[in-house]
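Worksheet for the structure shown next.
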Amino acid sequence: MIKVKENVSLAKRTTFGTGGPARFYAEPEAVEDVVELLAWADGVGLPVAVVGLGSNLLVADEGFAGVVLKLRAVLAMAKAEDATLMAGGGAPLAVCLHRARASGLGGLEFACAIPGTVGGAVWMNAGAYGGDLAGILARALVADAKGARWHTPEELGLSYRRSGLRRGQVVAGVELRLEPRHEDEIRETVAALQAERKAAQPTNKRTFGSVFKNPEHELTAGRMLDACGLRGYRIGGAQISPKHANFIENAGKARSADAVALIAEARRRAREQFGVVLEPEVQLLGPIEIPMLG
Ligand SMILES: Cc1cc2nc3c(=O)[nH]c(=O)nc-3n(C[C@H](O)[C@H](O)[C@H](O)COP(=O)(O)OP(=O)(O)OC[C@H]3O[C@@H](n4cnc5c(N)ncnc54)[C@H](O)[C@@H]3O)c2cc1C
């Protein structure tokens, strides 16, 4: 019997550190547990969401009136076999990278500064420095209320920071196709990418990563918001990062509503100044919405 808790705080489970509780919360330790929980939620008509490391997530201050799953045990582990890395959907990318490096497998270095799980990374098709999940994913085990089955990247509909997965579908496991690379070479690449990241982004602050996807425009979202004079702009406890304008920092006691107000203001200014409607990259959970541009 899987333990289901009630009214569990989600703020502690996100990197931004805001938001209310989940009405129900469970930590499945096997694919069968995930399917059982999804079938139960489906039967009683409750929405379901997975929280990975909460690094791309803004939870409503009122919380989420559904079931939150956090994958544990074998669903959060990784191991290498030949040139394949097999991992549970809840395995942190840092753990995957560590296992790959220890087995002399390269290809995952691009993810060294992405503080999420591999399941969250599939959901988002996370990427950096020219690489993304779509480029290394052989297949993913996706569970729903009826069971679990393997999907190819094409079936998952991966494109720029997006997948075709829907709420109620859980990435329970992945197989990543990597290639032989010397451990020292991997170490060097990772050190260089991490230094680059530290110089450009607020890596030591509470954020949810990039606020907006980069638009089809000569300027990135960050440069656009910078040109709008938004660096350091603050609403309540949330602040546009003084270091990189496409990040919002929890500058102390922020609420999710403060971040939403900043997102709305940034979108308004980008449209006014550049005629571009920026699309949020951050994922929203619960009764929380970015207001429409008037
Ligand atoms: C400092 C910082 C830097 C970042 N840099 C990058 C970057 O360079 N590139 C990039 O792409 N992203 C970046 N991000 C964003 C984030 O780390 C990625 O999107 C990451 O893949 C999210 O993984 P997660 O496990 O934290 O997912 P969460 O934030 O917990 O969830 C994100 C979404 O995925 C869903 N989800 C999570 N796990 C699963 C699962 N197993 N099955 C189904 N759905 C699931 C959630 O329900 C939610 O909708 C950064 C974030 C931070 C804070």
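Since this is a predicted model, take the numbers as computed values, not measurements. Whatever order the structure lists ligands and atoms in, that order sets their numbers, starting from 1. No hydrogens, no waters, no symmetry mates; every other heavy atom, side chains included, goes into these values.
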Just the distances, no angles: every ligand 1 N or O to protein N or O pair closer than 3.5 Å, one line each.
unit_1: ligand 1; atom_1: 5 (N); unit_2: Arg197; atom_2: NH1; d: 3.1
unit_1: ligand 1; atom_1: 8 (O); unit_2: Arg197; atom_2: NH1; d: 3.3
unit_1: ligand 1; atom_1: 8 (O); unit_2: Arg197; atom_2: NH2; d: 2.7
unit_1: ligand 1; atom_1: 9 (N); unit_2: Gly127; atom_2: O; d: 2.7
unit_1: ligand 1; atom_1: 11 (O); unit_2: Gly127; atom_2: N; d: 2.9
unit_1: ligand 1; atom_1: 11 (O); unit_2: Gly127; atom_2: O; d: 3.4
unit_1: ligand 1; atom_1: 11 (O); unit_2: Arg161; atom_2: NE; d: 3.4
unit_1: ligand 1; atom_1: 17 (O); unit_2: Ser55; atom_2: OG; d: 2.7
unit_1: ligand 1; atom_1: 21 (O); unit_2: Ala121; atom_2: N; d: 3.4
unit_1: ligand 1; atom_1: 25 (O); unit_2: Leu53; atom_2: N; d: 3.0
unit_1: ligand 1; atom_1: 25 (O); unit_2: Thr117; atom_2: N; d: 2.8
unit_1: ligand 1; atom_1: 25 (O); unit_2: Thr117; atom_2: OG1; d: 2.7
unit_1: ligand 1; atom_1: 26 (O); unit_2: Leu53; atom_2: N; d: 3.2
unit_1: ligand 1; atom_1: 26 (O); unit_2: Gly54; atom_2: N; d: 3.2
unit_1: ligand 1; atom_1: 26 (O); unit_2: Ser55; atom_2: N; d: 2.9
unit_1: ligand 1; atom_1: 26 (O); unit_2: Ser55; atom_2: OG; d: 2.6
unit_1: ligand 1; atom_1: 29 (O); unit_2: Ser55; atom_2: N; d: 3.0
unit_1: ligand 1; atom_1: 29 (O); unit_2: Asn56; atom_2: N; d: 2.8
unit_1: ligand 1; atom_1: 30 (O); unit_2: Gly52; atom_2: N; d: 2.7
unit_1: ligand 1; atom_1: 30 (O); unit_2: Gly54; atom_2: N; d: 2.9
unit_1: ligand 1; atom_1: 38 (N); unit_2: Gly120; atom_2: N; d: 3.3
unit_1: ligand 1; atom_1: 41 (N); unit_2: Val171; atom_2: O; d: 3.0
unit_1: ligand 1; atom_1: 42 (N); unit_2: Val171; atom_2: N; d: 2.8
unit_1: ligand 1; atom_1: 47 (O); unit_2: Val50; atom_2: O; d: 2.7
unit_1: ligand 1; atom_1: 47 (O); unit_2: Arg167; atom_2: NH1; d: 3.0
unit_1: ligand 1; atom_1: 49 (O); unit_2: Trp123; atom_2: NE1; d: 3.4
unit_1: ligand 1; atom_1: 49 (O); unit_2: Arg167; atom_2: NH1; d: 3.4
unit_1: ligand 1; atom_1: 49 (O); unit_2: Arg167; atom_2: NH2; d: 3.3

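The pair Arg139-Glu175 meets the salt-bridge criterion, with a side-chain N (NZ, NE, NH1 or NH2) lying under 4.0 Å from an Asp/Glu carboxylate O.
Tested against Glu279 for a salt bridge (Lys or Arg N to Asp or Glu O under 4.0 Å), the candidates Arg271, Arg162, Arg267 yield a single pass: Arg162.
Partners of Gln194 under the side chain to side chain contact (heavy atoms under 4.5 Å, CB included) rule, at least two apart in sequence or in another chain, are Cys112, Val190. Remark: Phe24 pairs with Trp40 by the ring-ring contact (aromatic ring centres under 6.0 Å, His included) rule, at least two apart or across chains.
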May I have the list of side-chain donor-acceptor pairs in residues 164-173 shorter than 3.5 Å, sequence neighbours left out?
unit_1: Gln169; atom_1: OE1; unit_2: Arg166; atom_2: N; d: 2.9

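Without hydrogens or angle criteria, Arg231 side chain to Pro242 main chain gives a donor-acceptor distance under 3.5 Å.
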